[in-house]
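Written out below as structure tokens is the structure these notes cover.
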Amino acid sequence: MGEPWSPLPREFYRRHPTAVAPELLNKILVRADGRAARIVEVEAYAGSEDPAAHSHRGKTPRNATMFGPPGHLYVYFSYGIHWGSNAVCGDIDEGAGVLLRAAEPLSGLDLMREARAAAKRDRDLASGPGKLSQAMGLDRSFDGADLVTMDRGVSIVSDGTPPPVDPVVSPRIGISKAVDLPWRWHVRDHGHVSGKRSTRT
DNA sequence: TTGAGGATTCTC
DNA sequence: AGAATCCTCAAA
């Protein structure tokens, strides 16, 4: 017997990010050190057609990974503090990707809590793009990692759970352009999505 | 070389 | 509501 789960194939990612994004819900982000978390919130970012995408103004050293082959991890640094993780989608030179915004920790919780001392509850471990990356230990050294070959021990796999049939679809968060495109998907009524405050609405 | 801004998080 | 914090990019 080998690994019970195998990485999603390259072809899964070789589509428009708006097609890939909702299907990444309920998939599992895994690290070779035992950390695993179920993806519950994502956003799609297209290439030149999408003013909100990092790739909109063309290839730069920062976003070069987005213009590479699909199925790789694009990790970016922002606000001077946080890392964001994306799955590169579409074709080479398209500059498309899906931002992994939130996940439900499944295993390796001890390592996640160690990486995120600020998290008071387990639901705070990965309920946001910066939190997710920090909990999973993803930083610049993982930019360009191949999720299909697992060349750096990080991948996205399926445990057989299908994507939700009725995900919540809404505008993307934290952007200033193309703010009305409904390119954010999250699992309905899930306690680990971003933006939740304990008892506020 | 410089200035402006950012796919956020945490605390007050 | 505001601070933290620094990389990235384009312009000069």
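Reckoned from all heavy atoms, side chains included, excluding hydrogens, waters and symmetry mates. Naming convention: chains lettered A, B, ... in sequence-line order (proteins, then strands); numbering from 1 in each chain.
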Numerically ordered, the residues 50-77 of chain A set in heavy-atom contact under 4.0 Å with DNA chain C is T60(A), P61(A), R62(A), F77(A)

Who passes side chain to side chain contact (heavy atoms under 4.5 Å, CB included) against [X], sequence neighbours left out?
{"X": "S107(A)", "result": "A36(A)"}
{"X": "A44(A)", "result": "P17(A), T18(A), A21(A), W183(A), W185(A)"}
{"X": "L111(A)", "result": "D33(A), R35(A), E114(A)"}

Which residue pairs pass the side chain to side chain donor-acceptor pair (under 3.5 Å) test when at least one of the two sits in [range], sequence neighbours left out?
{"range": "residues 147-156 of chain A", "result": "D146(A)-T149(A)"}
{"range": "residues 169-178 of chain A", "result": "D50(A)-R172(A), S170(A)-R184(A)"}
{"range": "residues 81-94 of chain A", "result": "S85(A)-S133(A)"}

Side chain of S78(A): nearest nucleotide among dT8(B), dA4(C), dT8(C)? dT8(B)

So which nucleotide from dT9(B), dA4(C), dC7(C) ends up closest to the side chain of P129(A)? dT9(B)

Mind listing the residues from residues 86-115 of chain A sitting with a heavy atom below 4.0 Å of DNA chain B? Number order is fine. N86(A), L99(A), R101(A)

Just checking, any donor-acceptor pair under 3.5 angstrom between side chains of D143(A) and T65(A)? yes

Going by side-chain heavy atoms closer than 4.5 Å, which hydrophobic residues are tied to I92(A), directly or by a chain of links? none

Other than Y74(A), which residues form its hydrophobic cluster under the rule that side-chain heavy atoms must be closer than 4.5 Å? Y45(A), M66(A), F67(A), Y76(A), V88(A), L99(A), I175(A), V179(A)

Under a 3.5 Å cut-off on both pairing distances, which runs of 3 or more consecutive Watson-Crick or G-U pairs involve DNA chain C? B:1-6 with C:6-11, B:8-11 with C:1-4

Residue whose closest nucleotide on DNA chain B lies nearer the 5' end, R116(A) versus S176(A): S176(A)

Qualifying residues under salt bridge (Lys or Arg N to Asp or Glu O under 4.0 Å), relative to D110(A), sequence neighbours excluded: none

Counting any heavy atom closer than 4.0 Å, what does I175(A) reach on the DNA or RNA strands: base, sugar-phosphate only, or nothing? sugar-phosphate

